[in-house]
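Chain A is the first sequence line, chain B the second, and so forth, proteins listed ahead of strands; every chain is numbered from 1. Both backbone and side-chain heavy atoms feed into the values below; hydrogens, waters and symmetry mates do not.
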Number of protein chains: 2
Amino acid sequence: MPAAPTPRPPSLTERTIEAVRDGIRNGTFVPGELYSVYQLADRLAVSRSPVREALLRLAETGMVTIEKNRGFRVVLPGARELAEIMAVRVALEVPAAAHAARRAGPQDREALEKEREAMQQAVLDGDEGTFLLHDQHLHGLLLNLAGNSRTIRIIANLRDATRLVGMSTIRTSRSLEEVYAEHLPILTAVEHSDAEAAARAMRRHLESTGKLLLRGAATENDDVDRLWEDYVG
Amino acid sequence: MPAAPTPRPPSLTERTIEAVRDGIRNGTFVPGELYSVYQLADRLAVSRSPVREALLRLAETGMVTIEKNRGFRVVLPGARELAEIMAVRVALEVPAAAHAARRAGPQDREALEKEREAMQQAVLDGDEGTFLLHDQHLHGLLLNLAGNSRTIRIIANLRDATRLVGMSTIRTSRSLEEVYAEHLPILTAVEHSDAEAAARAMRRHLESTGKLLLRGAATENDDVDRLWEDYVG
DNA sequence: TGCGTAGTAGTAACATGTTACCCATGGCGA
DNA sequence: TCGCCATGGGTAACATGTTACTACTACGCA
């Protein structure tokens, strides 16, 4: 494991970030509602400094917006934002998949296979939370294989902004099985060290699930396919 | 102009970021040297809070590293880092150029033409500082045309990390003229709304100047072409 | 009723105090 | 000579105080 760049206990700032994320997931923070930074600091029993920093970072990723002298709001990304995000993901993850296919060694494939199995199990259990978790792990493994740390960081940030939408979307669309199936060609291509095929499969996967996300967030004014064409092309 | 999201005076944090950038450019901060956050705060006559935040942000972009309980250092990206950065730029800017070609209107082309002229003048003057400035403006215009705000932000961050290297590299290689010439096919393609050609030209440009940068930063252990192949592919 | 305006609550941004921690150094004993 | 540990300088992270704004509110005037 090349990990462990931060073996020391998470700072209050980091814990606050996590707390806000959790709060968003479990409904403590309702998207659109206005919240006070001071009160949040009180609730978490920390001072305003780490809370302030945490919110600034979350705002950078687009997860919350800060309204000057008013407080902060949790933001659900709209269809346009999601289209932008998916455009970046496609641009970065498609070539990353190709690289991964070229560079994967036996132990890498084993790790991928493990995630695949976990995903499959989650499908059988109908557990979309676990499914999304392993889905992200799998994409993370591929990015790690590609070896570009900048890409990894960028995608991690984007993921944050979409996770919330993903949860609700994928559930209502009942397509765990389909999304799972889309991963298989990617893994097969990696298995065969076929970079071209891996890229194609990844693109297809991102397009498919991306449009699913877009549809979940689209209003009647949004033309999902047109948005996709405009941003991702 | 859809700009002006921050019409208010820059905060001390922002001014500190700028101060550090300037300091790096004009040699006040020597790469590799260790500097004290406290002393920097004193020197700028501000408190530690904004300086701390500024350095944290700069550290995120990779421009400086923070050594725990020791201070901070300015980092010159190595060949590997540059390869990673260029990989991201290629992945994002090549499709962006295609989009830009599709969407450019008359006034957009006029703006691009203005930058081209300014670049040309800078070439004639042998002024690589001005040249790089307009080069960045031109790339910025294309990204704006493509319309993805995430992409814009990401590239802006990457630029920061490379600017320093670019300055010294492009001067020694005396290739202002060549780099300028590489932009022309891109602009021609945009003029003709030829997305494919724009993408090709942008890729070629980024590959050429990217390798130039890599060579400038490479040690005897680095094989530039191999690095490029590994990361950008 | 409509509108400007003083008043008020609440905050962003910054300054400063505090604590625990890390690292380098030098003395000391084996 | 080498390794160990106490010590002190210096910092990261956090807590808290302070100030200048900003957006809302309500009041009074037309």
Taking every heavy atom of B/T13 against every heavy atom of B/R57, the minimum-distance pair comes out as CG2-NH2, 4.1 Å

Separation of C/dA13 atom C1' from A/L56 atom CG, nearest Å, is 10 Å

request  = Report yes or no: do B/H134 and B/H183 form a side-chain donor-acceptor pair below 3.5 Å?
outcome  = no

Atom CZ of B/R52 and atom C1' of D/dT11 are separated, to the nearest Å, by 10 Å

Main chain of A/G105, side chain of A/D108: is a donor-acceptor contact present, judged purely on distance under 3.5 Å? yes

The nucleotide from C/dA12, C/dA15, D/dC14 with an atom nearest the side chain of A/N69 is C/dA12

Note: for A/R48 and B/S36 on DNA chain D, the residue whose nearest nucleotide lies more 5' is B/S36

Separation of D/dC14 atom C1' from B/E53 atom CD, nearest Å, is 13 Å

Presence of A/R70 side-chain N/O under 4.0 Å of C/dG10 phosphate oxygens OP1/OP2: no

Between CG of A/D42 and C1' of D/dC14 the distance, given in whole Å, is 15 Å

Do the side chains of A/M202 and A/H139 get nearer than 4.5 Å, heavy atoms only? yes

When rounded to whole Å, the CZ to P distance for the pair B/R15 and C/dA15 reads 10 Å

* Asked: Does OP1 or OP2 of D/dA13 have a side-chain N or O of A/T13 closer than 4.0 Å?
  -> no

A/I66 has its side chain closest, among C/dA12, D/dA12, D/dC14, to C/dA12

**Asked** So does B/R21 pair up with B/E18, basic N to acidic O under 4.0 Å?
**Response** yes

Rounded to whole Å, the CG-C1' distance (B/L55 to D/dA13) equals 14 Å

Taken to the nearest whole Å, CD/A/E14 to C1'/D/dA12 is 12 Å

To the nearest angstrom, the CG-P distance between A/L12 and D/dA13 comes to 11 Å

On DNA chain C, more 5' by nearest nucleotide between B/S49 and B/Y38 is B/S49

